[in-house]
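Reminder, nothing fancy here: chain letters follow the sequence lines and each chain counts from 1.
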Amino acid sequence: MSLGKYHPETIEKKWQDVWQESGCFEVEVDSEKPKYFVLEMFPYPSGKIHMGHVRNYSIGDVVARFMSMRGYNVMHPMGWDAFGLPAENAAIKNDSHPADWTYANIAEMREQLQRLGYSYDWRREVASCRPEYYKWEQLFFLKFLEKGLVYRKNSPVNWCPDCNTVLANEQVEEGLCWRCDSEVEQKDMEQWFLKITDYADELLADLDQLDKGWPERVLTMQRNWIGKSYGAELTFSVKDSDETVSVFTTRPDTIHGATFMSLAAEHPLVEALIDGTDKAEEVREFVSKVRNMDRIKRGADDLEKEGVFTGRYCINPLTGKEMPIYVANFVLMGYGTGAVMAVPAHDQRDFEFATKYELPMQVVINPPELAEKGDTLALGDMEAAYTDPGILVNSGEFDGMENEAAKKAIVEHLDKSGLGKMTVNYRLRDWNVSRQRFWGAPIPVIYCDDCGVVPVPESELPVKLPEDAQVRKDGKSPLPHMESFVNCTCPKCGGAARRETDTLDTFFESSWYFFRYCDARNDEAPWSAEAVDYWMPVDQYIGGIEHAILHLLYARFYTKALRDTGFVRNDEPFANLLTQGMVLKDGGKMSKSKGNVVDPNAMINRYGADATRLFILFAAPPVKELEWSDQGIEGAYRFLNRLWRLVEELQDVLPTAAPVSFTDPKSETAKSLRRKEHETIKRVTHDIENHFQFNTAIAAVMELVNELYHCKDELKADAPEALSSAIATALTVLSPVAPHICEELWEVLGHKCRLADLDWPSHDEAALVLDEVTVVVQVNGKVRCKLNVPNNAPKDEVEKIAMEQENVVKHIEGKTVRKVIVVPNKLVNIVAN
RNA sequence: GCGGGCGUGGCGGAAUUGGUAAACGCGCCAGAUUUAGGAUCUGGUGCCUUGCGGCUUGGGGGUUCGAGUCCCUCCGCCCGCACCA
């Protein structure tokens, strides 16, 4: 029977059907087998998959198939992060419901993923926009509310005018909306918050246990984002007032040098201080100027420091001196208390500010080198603030102390009068989860004029998003205008009430979907304890680095919150994380505007799924960026053809044989092929298992195929079983990467079982042993000749042979041999001068 | 400024513990096959040199018999955070 040409489209469809019909990737809890949960970040159903998805999911698929052949019970699910703005925008454009667009995209993308042959257990598929899914997060929301992890407050929030909604801090990047790059504005609004700050310490501390499994980069980014800093909270009284101002400072040791106070424009005390004074107008004008400044300009590092005097003073608790209170444009309400005690001599910003407004300065920290000479730092000599450690001066009873020791001593002193305490401050803010959008999960609360905020009773969940909603041309949510949705009765008093019309941030859905995969069809509960206890945590999570502090931080927090509300037992969701690099074209991101987007469909049509997978895994190690190359995928396709032709040519002469079944070589050629076969297993196993280095694993298989080409004519007659065994091995270890062609050729070779059901082969260390090895002979570190000597030949014998070599003799002529280094089976280095 | 990473042929990239730098692939060159082209197979391909040989992992220095790998220093690039009190 002739195999004919390699036609990927035929065989790929064939095997995809076989997999689907046999349900071979469907898994259940099995306490007899070790589990392995491999998860790729679920996609937003934007329309079509792109090369980034192909890379992400191909990596995951190799891991899943590899681990499965290694004997693990592998769960590999897929789903859809299906709420989001693009669906609403598309609905506006097409005058339809966001659900139509979303479900159509899901259908198309699911088909694309199936065409790529990924080993998903599709029975576990979730779509976060389905009520059967978001019903559970509404339940979690209520439990969090009960537990005090959810609260409502009015506060300045990030508002994206283009998306018509607020954004969490994590979703504002350099003052721009993470999604549409519009300038984010500040607005005061009533919003729902999740108390992620309650977990700041645990989120930080637990990063240490992720040390081995997570990239250092991501850990660092999360640490920075949480931004823990040790300091003190100090209280200053306001002159002629009962008010106090509290500040956070990391330098309580410099309090004697605090000569003025700076408040953020948003500081609530500002209005109280100036109301009715002759400064009121000037200050208000400044405040509104600062608040209306856009975030980029306000956050720029070259922003000119500006401020305005409020006309009021506070009192330095240690010096008793009056400190003028300013409103300053560089003080942020979002960090610390929004007020800073200004120590111009020892803080660069305060120094610049004081210089500009001619405010007093006082040196209180003396550099150690001056202190040793008995000198003291003089203001006149200073061109910048002195921020390094030193000895306290001009600080009363604390003079002479080292500043680190003084921090503690001064706070303890202030604590006696209740004016200071050591604190820890975090940069992390609570997570704003309210969104003024339609296409999201409704927040399950009701507003009653008599009872206030009332949670929706659990029995009434889910609060469904209306299917008859008509999106509005102005892009605003239709929910507040839908009486059928808004109007309801208060669960408490039965009176007329209104539903919350904000929806949840879509990161709310992606914070727990991995738990749902464990028991995705459960309609009694979000999941069974049995399922979650067995499958979680995720053993290997794979996704883009762009979620380093968004999704990955939220999901960690959410897991801890679910733990503390009794839903799960896990502290951390993801044991190991792989962040794959981007797929580039012409050195940059693929983009529609540049017209260089490579469409996965086109590649599958032209070269097949196997070649596409092979190329994307071969072109670069997974963590690095990958430059897409049209010639490169051509090469991958060529290799698969080469493999195909090899089997085609040999199929009639080869016995059906399992991997590593050949054990008894009669010739040097057969022995050498066997060695290559076992070497390949060793390398592929090592490369996948230890570093996910699919590129080198694939290179190893290519080498084996090259060797097969070289020895096939000789071995066809004498040792077909050697060829058979080696080909079986090649197909087996390549199958996680290119599963369709490998299954097909496996079948062609007469096997009845499926390759995917095979155990991963192990190499025989004895097969790797060489009879003869090449030893390099160096003179003074330079290679002069190469010798073939018996494996493990005694050192002195090798040395003797080396010394006799013509080219060696030539190079040591007239010199004295000082030393000879012999590394067995590797090299001889003769040191002579 | 702070933190992290990177720098190897024409290109993508390989190199357990320091031990033949450039595996594998792309591209290129030659040969075979072919009417021709394409495809395929085989071989070659870091740089300089006619050759002997010399040089080569961003630059410089060091440790070592031996350094892409370890140490110091400088340069360049990328990423993240950034007026954080």
>> Only pairs with both distances under 3.5 Å count, Watson-Crick or wobble alike; so what is the partner of rG19(B) in this structure?
In response: rC65(B)
>> At less than 3.5 Å, do the side-chain atoms of Asn224(A) and the base atoms of rC81(B) form a donor-acceptor pair?
In response: no
> In whole angstrom, what separates Glu625(A)'s CD from rG13(B)'s C1'?
Replying inline: 14 Å
> Can rG9(B) be described as syn, meaning its chi torsion is within 90° of 0, or is it anti?
Replying inline: syn
>> Distance check, rounded to the nearest 0.5 Å: Trp431(A) atom CH2 versus Leu550(A) atom CG?
In response: 10.0 Å
>> Checking base pairs now: Watson-Crick or wobble, both atom distances under 3.5 Å. What partners rA36(B)?
In response: none
> Are Lys305(A) and Phe330(A) in a cation-pi setup, meaning NZ or CZ lies under 6.0 angstrom from the ring centre and within 45 degrees of the ring axis?
Replying inline: yes
> If you check the Ala620(A) side chain, which of rG66(B), rG54(B), rG13(B) turns out closest?
Replying inline: rG13(B)
> How far does the P atom of rC26(B) sit from the matching atom of rC41(B), given to the nearest Å?
Replying inline: 10 Å
>> Distance check needed: rC79(B) C1' versus Lys589(A) NZ, whole Å only.
In response: 13 Å
> Just checking Val831(A): base, sugar-phosphate only, or nothing, at a heavy-atom cut-off of under 4.0 Å?
Replying inline: sugar-phosphate
> Think Lys819(A) has a side-chain N or O under 4.0 angstrom from the OP1 or OP2 of rC65(B)?
Replying inline: yes
> Are OP1 or OP2 of rU42(B) and a side-chain N or O of Arg642(A) less than 4.0 angstrom apart?
Replying inline: yes
> To the nearest 0.5 Å, how far apart are CD in Gln805(A) and NZ in Lys786(A)?
Replying inline: 13.5 Å
> Are any of Asn706(A)'s side-chain N or O atoms less than 4.0 Å away from OP1 or OP2 of rG25(B)?
Replying inline: yes
> Which is true for Lys228(A) with a 4.0 Å heavy-atom rule: it touches a base, it touches only sugar-phosphate, or it touches nothing?
Replying inline: nothing
> Between Ile545(A) and Ala636(A), which has a closest nucleotide on RNA chain B that is more 5'?
Replying inline: Ala636(A)
>> I'd like the P distance from rA67(B) over to rG62(B), given in whole Å.
In response: 12 Å
>> Could you check whether atom CZ of Arg642(A) has more than 12 heavy atoms from other residues, nucleotides or ligands sitting under 6.0 Å from it?
In response: yes
> Once you round to the nearest 0.5 Å, how far does CG of Asn316(A) lie from NE2 of His256(A)?
Replying inline: 7.0 Å
> If you measure from the C1' atom in rU8(B) to the same atom in rU69(B), how many Å do you get, rounded?
Replying inline: 12 Å
> Taking the same atom, P, in rG3(B) and in rU73(B), what whole-Å distance lies between them?
Replying inline: 14 Å
>> Work out how far the P atom of rG59(B) is from that of rC11(B), and round it to whole angstrom.
In response: 15 Å
>> Both Thr337(A) and Arg683(A) contact RNA chain B. Which one's nearest nucleotide lies toward the 5' end?
In response: Arg683(A)
> Between rG12(B) atom P and Gln631(A) atom CD, what is the distance in whole Å?
Replying inline: 13 Å
>> Taking 4.0 Å as the cut-off, does a side-chain nitrogen or oxygen of Arg223(A) come that near to OP1 or OP2 on rG4(B)?
In response: no
> Taking only N and O in the side chain of Arg429(A), is any of them less than 4.0 Å away from OP1 or OP2 of rC84(B)?
Replying inline: no
>> Can you tell me which nucleotide in rU20(B), rA85(B), rC84(B) comes closest to the side chain of Lys786(A)?
In response: rU20(B)
> Of the nucleotides rG19(B), rG12(B), rG13(B), which has the atom closest to the Leu827(A) side chain?
Replying inline: rG19(B)
>> When you measure from the side-chain N and O atoms of His710(A) to the phosphate of rG43(B), is any distance below 4.0 Å, counting only OP1 and OP2?
In response: yes
> Nearest to the side chain of Asn695(A), which nucleotide is it out of rC83(B), rA14(B), rC52(B)?
Replying inline: rA14(B)
>> Could you tell me the Watson-Crick or G-U partner of rC2(B), where both distances fall under 3.5 Å? Say none if there is no partner.
In response: rG80(B)
>> Between Thr423(A) and Glu233(A), is there a side-chain donor-acceptor contact under 3.5 Å, judged purely by atom types and distance?
In response: no
>> If the cut-off is 4.0 Å, is His686(A) near the phosphate of rU16(B), judged by side-chain N/O to OP1 or OP2?
In response: no
> Does a nitrogen or oxygen in the side chain of Asn329(A) sit under 4.0 Å from OP1 or OP2 of rC83(B)?
Replying inline: no
> With a 4.0 Å cut-off on heavy atoms, is Arg217(A) in touch with a base, just the backbone sugar-phosphate, or nothing at all?
Replying inline: sugar-phosphate
> Between His811(A) (NE2) and rG53(B) (P), how many Å, whole number?
Replying inline: 6 Å
>> Any heavy-atom pair between the side chains of Thr259(A) and Pro344(A) that's under 4.5 Å?
In response: yes
> rG13(B) P sits how many Å from Glu627(A) CD, rounded?
Replying inline: 8 Å
> What interatomic distance, in whole Å, is found between C1' of rC29(B) and the corresponding atom of rG9(B)?
Replying inline: 16 Å
> If pairing requires Watson-Crick or G-U wobble contacts with both distances under 3.5 Å, which nucleotide is the partner of rC24(B)?
Replying inline: rG12(B)
>> How many whole angstroms separate atom CZ of Phe639(A) from atom P of rC41(B)?
In response: 12 Å
>> In this structure, how many angstroms lie between the P atom of rC55(B) and the CG atom of Asn780(A), rounded?
In response: 12 Å
>> Could you tell me how far rA23(B) sits from rG10(B) if I compare only their P atoms? Round to whole Å.
In response: 14 Å
> Taking atom NZ of Lys589(A) as the centre, does the number of heavy atoms from other residues, nucleotides or ligands within less than 6.0 Å exceed 12?
Replying inline: no
> Below 4.0 angstrom from OP1 or OP2 of rC41(B), is there any side-chain N or O of Arg645(A)?
Replying inline: yes
> If only side-chain N and O atoms of Arg638(A) are considered, is one of them under 4.0 Å from the OP1 or OP2 phosphate oxygen of rC26(B)?
Replying inline: yes
> Tyr357(A) vs Phe353(A) aromatic rings, parallel, tilted or perpendicular, using cut-offs 30° and 60°?
Replying inline: tilted
>> Taking only the C1' atom of each, what is the distance from rC48(B) to rA39(B) in whole angstrom?
In response: 37 Å
> Watson-Crick or G-U wobble partner for rG31(B), using a 3.5 Å limit on both distances?
Replying inline: rC41(B)
>> Tell me the interatomic distance from Phe236(A), atom CZ, to rA85(B), atom P, rounded to whole angstroms.
In response: 16 Å
